[in-house]
Trainee: 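Sharing a structure here in structure tokens format.
Just so we're on the same page: letters track the sequence lines, and every chain starts at 1.
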Amino acid sequence: MSLRVYNTMTGRKEDFEPLNPGKVGMYVCGVTVYDYCHIGHARANVVFDIIYRYLQFVGFDVNYVRNYTDVDDKIINRANERGISPDDLAGEFIQAFDEDMQRLGLAEPTIQPKATHHIEHIISLVQRLIDRGIAYESQGDVYFSVENFPSYLKLSKRNMDDMRSGARITPGEHKRNPMDFALWKAVKPGEPSWESPWGPGRPGWHIECSAMAMEYLGESFDIHGGGKDLVFPHHENEIAQSEGATGKPFVKYWLHNGFVNVNQEKMSKSLGNFFTIRDILKSYDPEVLRFFILTAHYRSPIDFSDHNLQDSRLGLSRFYEGLQAASEVLAACPPSDVTSDAGIALENAFREAMDDDFNTAAAIGQLFDAVRTINRLIAEKGFRKNRDKVAEVGALHQALLKLGGVLGLFISEPAAWLKQMNLAMLAATGYSETDIEDFIQQRQEARKNKDFARADEIRDELAAKGIQLLDGAQGTTWKAR
RNA sequence: GGCCCCGUCGCCAAGUGGUAAGGCAGAGGUCUGCAAAACCUCCAUCACCAGUUCGAAUCUGGUCGGGGCCUCCA
């Protein structure tokens, strides 16, 4: 079975066949750097990070370009509010973005270009459009003429007449048609600007992506991604600009991720349910957030809520506990040359899920099955002396780490992750680690004296606070949940 | 108004023609001083109605409910 992807352009899943065998060019719209990233950005970037990793995993040589849009109305406005230069503002939030993505454990794209470093390309692209009669200059602005690009709206499947009735020309614009959009904006006082054949000005919103994508990936490339909300107008306009200039198909597969809702409502500033990544990471482990995002298919909406995040925390803990148990027991077993194909089977199931339009939810389901198998085998009598079973656990353990790695999961040392998670949960109970150790000691004494009432009392008190005691062969350990 | 999406077990969530993955929670069991953890077993016919089909959660039409885009937005 080979990879199939859902293409927004055709509205269906298609076999993935890159333009150049073995190579993939992929462009994902990055952020406009004027504020901290929210969890919607987290989702989009995690999703395309997984797509990037998986394409590499199955053997493609991927050229992944993700841009920074560092010139834009919002940046200028925000910079003016704060009395700093747009450049400084952009720099600040580029750094913040990089920090956030690093904390989320994202792989770095091949190239992360900035719009302001591509003004030359932008200008020449605009000029090409003017030369072909698809764009026109008007009082220092340059607009794209949608009437001269017949396939306009083919991605968003809208109707020009319906759109036109709702479109308006805002004061200060010099459009011939309300649907036309700016490629180049004449400079206004207090704005950054660059020299151009049409006078000093700056790029419109959409053109920078066309210019950067074509610069690094060529006039036609394989995958273009972004959030669903970018379908119109951003991606529609990118197609218009790019295909208008080149006469060639711009992108073969358009991929769009779904939204993040918060407690069933659309996340928005006006509703006050807007969470930045850094806010969330104060309360949640980054890997829990990543796990949460990946337990739903990338095109479905996901509902961000405390309850759902807790669910994800428990789910991820299950993996780490299983991995920890496996590595402990494997370390205690003598090496043997017995092999198992359980890892191969798991990988095949994983790939089958991922090949179906990057179905991470189904893929994780397969990984859960492997955890259960590991736990079952380890619990069986005489496990350590059974080389076949030890080999199977070894194979599953390795495969789990390998495949988890494709999803950016299980990257921590299990013992360390579990410990850190425990301590974080413990902090909420008011107890310290030594408090718990003391309780365990007291209970141990009581148990030794067969004072089970006292022993149970201690255990129940802790349990009420969310601390579970686990009596094992090597003594009592604890866990918070 | 136009375009698009969704409605699967208490919760989360896969599944686009062949008889419902997985996680959390719950019930019973094994283990345990008793528990917990782990393991085993159990737990849904897919919003509703009508069609197409040998066969539909999956296709078609309709009803109800929810959401998104159409203005900046991942």
Trainee: Can you figure out which of B:C39, B:C70, B:G22 approaches the side chain of A:Arg318 most closely?
Mentor: B:C39

Trainee: If I pick the P atom on B:U58 and the same atom on B:A20, what distance separates them, to the nearest angstrom?
Mentor: 14 Å

Trainee: At under 4.0 Å, does any side-chain N or O of A:Arg376 touch on OP1 or OP2 of B:C40?
Mentor: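 Answer is yes, contact under 4.0 Å.
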
Trainee: OG1 of A:Thr116 to CG of A:Asp72: how many Å apart, nearest 0.5 Å?
Mentor: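 So the OG1 of A:Thr116 and the CG of A:Asp72 are separated by 12.0 Å.
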
Trainee: Mind checking the P distance from B:C72 to B:G15? Whole angstroms is fine.
Mentor: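 These two P atoms come out 33 Å apart once rounded.
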
Trainee: Is there a donor N/O on one and an acceptor N/O on the other, under 3.5 Å, for the side chain of A:Asn359 and the base of B:G15?
Mentor: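 No, no donor-acceptor pair under 3.5 Å.
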
Trainee: Provide, to the nearest angstrom, the distance between the CG atom belonging to A:Leu323 and the C1' atom belonging to B:A38.
Mentor: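 In whole Å, B:A38 C1' and A:Leu323 CG are 15 Å from each other.
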
Trainee: May I ask you to decide whether A:Glu321 forms a salt bridge with A:Lys479, counting only side-chain N to carboxylate O separations under 4.0 Å?
Mentor: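 A:Lys479 and A:Glu321: salt-bridged.
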
Trainee: Could you measure between the two C1' atoms, the one in B:A50 and the one in B:A56, and give it in whole Å?
Mentor: 14 Å

Trainee: Tell me which one of A:Phe144, A:Tyr143, A:Phe232 satisfies ring pair (Phe, Tyr, Trp, His ring centres under 6.0 Å) with A:Phe181.
Mentor: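 When ring pair (Phe, Tyr, Trp, His ring centres under 6.0 Å) is applied between A:Phe181 and each of A:Phe144, A:Tyr143, A:Phe232, only A:Phe144 qualifies.
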
Trainee: Name the nucleic acid region contacted by A:His297, choosing base, sugar-phosphate or nothing; use a 4.0 angstrom heavy-atom cut-off, strictly under.
Mentor: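 A:His297: backbone/sugar contact only, no base atoms under 4.0 Å.
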
Trainee: Only pairs with both distances under 3.5 Å count, Watson-Crick or wobble alike; so what is the partner of B:C31 in this structure?
Mentor: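 Because no pair has both required distances under 3.5 Å, B:C31 counts as unpaired.
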
Trainee: Could you tell me which nucleotide pairs with B:G1 by Watson-Crick or G-U wobble geometry, both distances under 3.5 Å, or answer none if nothing does?
Mentor: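 Per the H-bond distance test, B:C70.
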
Trainee: Between B:A37 and B:G23, how far apart are the two P atoms, rounded to whole Å?
Mentor: 15 Å

Trainee: Counting the atoms with a prime plus P, OP1 and OP2 as sugar-phosphate, which does A:His234 contact under 4.0 Å by heavy atoms, base, sugar-phosphate, or nothing?
Mentor: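 If one applies the 4.0 Å heavy-atom cut-off, A:His234 turns out to touch nothing in the nucleic acid.
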
Trainee: With a non-hydrogen cut-off below 4.0 angstrom, is A:Val260 in contact with a base, only sugar-phosphate, or nothing?
Mentor: base

Trainee: Distance criterion of 3.5 Å, no angle test: do you see the side chain of A:Arg459 paired donor-to-acceptor with the base of B:A35?
Mentor: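 Result: at least one qualifying N/O pair found.
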
Trainee: In whole Å, what is the span from the CD1 atom of A:Ile293 to the C1' atom of B:G23?
Mentor: 17 Å

Trainee: Test for a donor-acceptor pair under 3.5 Å between the base of B:A74 and the side chain of A:His38, counting only N and O atoms.
Mentor: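 Between B:A74 and A:His38, which were checked side chain against base, a qualifying N/O pair under 3.5 Å is present.
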
Trainee: Which listed nucleotide (B:A74, B:A35, B:C11) is nearest to the side chain of A:Asp471?
Mentor: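 Selected nucleotide (nearest to the side chain): B:A35.
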
Trainee: Starting from C1' on B:G68, measure out to NZ on A:Lys157 and report it in whole angstrom.
Mentor: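 Distance, rounded to whole Å: 15 Å.
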
Trainee: Would you say B:C39 has OP1 or OP2 under 4.0 Å from some side-chain N or O of A:Asn375?
Mentor: yes

Trainee: Send over the distance from A:Leu367 CG to B:G23 C1', rounded to a whole Å.
Mentor: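 Interatomic distance, CG of A:Leu367 to C1' of B:G23: 12 Å.
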
Trainee: What integer number of Å spans the C1' atoms of B:A74 and B:G68?
Mentor: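 About 13 Å, rounded to a whole number of Å.
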
Trainee: Between P on B:G15 and CD on A:Glu352, what's the gap in Å once rounded to a whole number?
Mentor: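 One finds 12 Å between P of B:G15 and CD of A:Glu352, rounded.
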
Trainee: Stacking between A:Phe452 and the base of B:G33 (centre distance under 5.5 Å, interplanar angle under 30°)?
Mentor: yes

Trainee: If we ignore hydrogens and angles and just use 3.5 Å, is the side chain of A:Asn422 paired with the main-chain N or O of A:Ala480 as donor and acceptor?
Mentor: yes

Trainee: For A:Phe368 and A:Arg318, run side chain to side chain contact (heavy atoms under 4.5 Å, CB included): C-alpha distance rounded to whole Å, both residues' side-chain angles, the deciding distance at 0.1 Å, then the answer.
Mentor: CA-CA 8 Å; A:Phe368 267 118; A:Arg318 180 167 167 79; 3.9 Å; yes

Trainee: Taking the six-membered ring for Trp, are A:Tyr431 and A:Phe439 closer than 6.0 Å centroid to centroid?
Mentor: yes

Trainee: Atom CG of A:Leu470 to atom C1' of B:G33: distance rounded to whole Å?
Mentor: 17 Å

Trainee: Taking pairing as Watson-Crick or G-U wobble with both contacts under 3.5 Å, can you name the mate of B:A47, or confirm there isn't one?
Mentor: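 Pairing partner, where one exists within any strand: B:U63.
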
Trainee: What is the base-pairing partner of B:U19, counting Watson-Crick and G-U wobble geometry with both distances under 3.5 Å?
Mentor: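 Partner of B:U19: none.
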
Trainee: Are the charged groups of A:Asp369 and A:Arg372 less than 4.0 angstrom apart, N to O?
Mentor: yes

Trainee: Mind checking the P distance from B:A21 to B:G28? Whole angstroms is fine.
Mentor: 24 Å

Trainee: Closer than 4.0 Å, any side-chain N/O of A:Arg4 to the OP1 or OP2 of B:U16?
Mentor: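 No, A:Arg4 has no side-chain N/O under 4.0 Å of OP1/OP2 on B:U16.
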
Trainee: Between B:C9 and B:U45, how many Å separate the two P atoms, rounded to a whole number?
Mentor: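 My reading of the P atoms in B:C9 and B:U45 gives 10 Å.
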
Trainee: With no angle test and no hydrogens, is the base of B:G33 tied to the side chain of A:Arg447 by a donor-acceptor pair under 3.5 Å?
Mentor: yes

Trainee: Is A:Gly40 touching bases, backbone alone, or none of the nucleic acid, heavy atoms closer than 4.0 Å?
Mentor: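 The residue A:Gly40 makes base contact.
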
Trainee: Under 4.0 Å, counting only non-hydrogen atoms across every strand here, what does A:Arg12 touch: a base, just sugar-phosphate, or nothing?
Mentor: nothing

Trainee: In whole angstrom, what separates A:Lys228's NZ from B:C72's C1'?
Mentor: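 In whole Å, B:C72 C1' lies 19 Å from A:Lys228 NZ.
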
Trainee: May I ask you to decide whether A:Lys465 forms a salt bridge with A:Glu461, counting only side-chain N to carboxylate O separations under 4.0 Å?
Mentor: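 Not counted as a salt bridge, because no side-chain N and carboxylate O are separated by less than 4.0 Å.
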
Trainee: Please classify the nucleic acid contact of A:Ala361 as base, sugar-phosphate, or nothing, using heavy-atom distances under 4.0 Å.
Mentor: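 A:Ala361: base contact, heavy atoms under 4.0 Å.
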
Trainee: Take the protein atom NZ of A:Lys154 and the nucleotide atom P of B:C4, then report the distance between them rounded to whole Å.
Mentor: 18 Å

Trainee: Tell whether A:Asn159 reaches the base of B:G2 with its side chain through a donor-acceptor pair below 3.5 angstrom.
Mentor: no

Trainee: When rounded to the nearest Å, what value does the distance between C1' atoms of B:A13 and B:C6 take?
Mentor: 14 Å

Trainee: With nearest nucleotides of RNA chain B determined for A:Arg158 and A:Ala362 from heavy-atom distances, which residue corresponds to the more 5′ nucleotide?
Mentor: A:Ala362

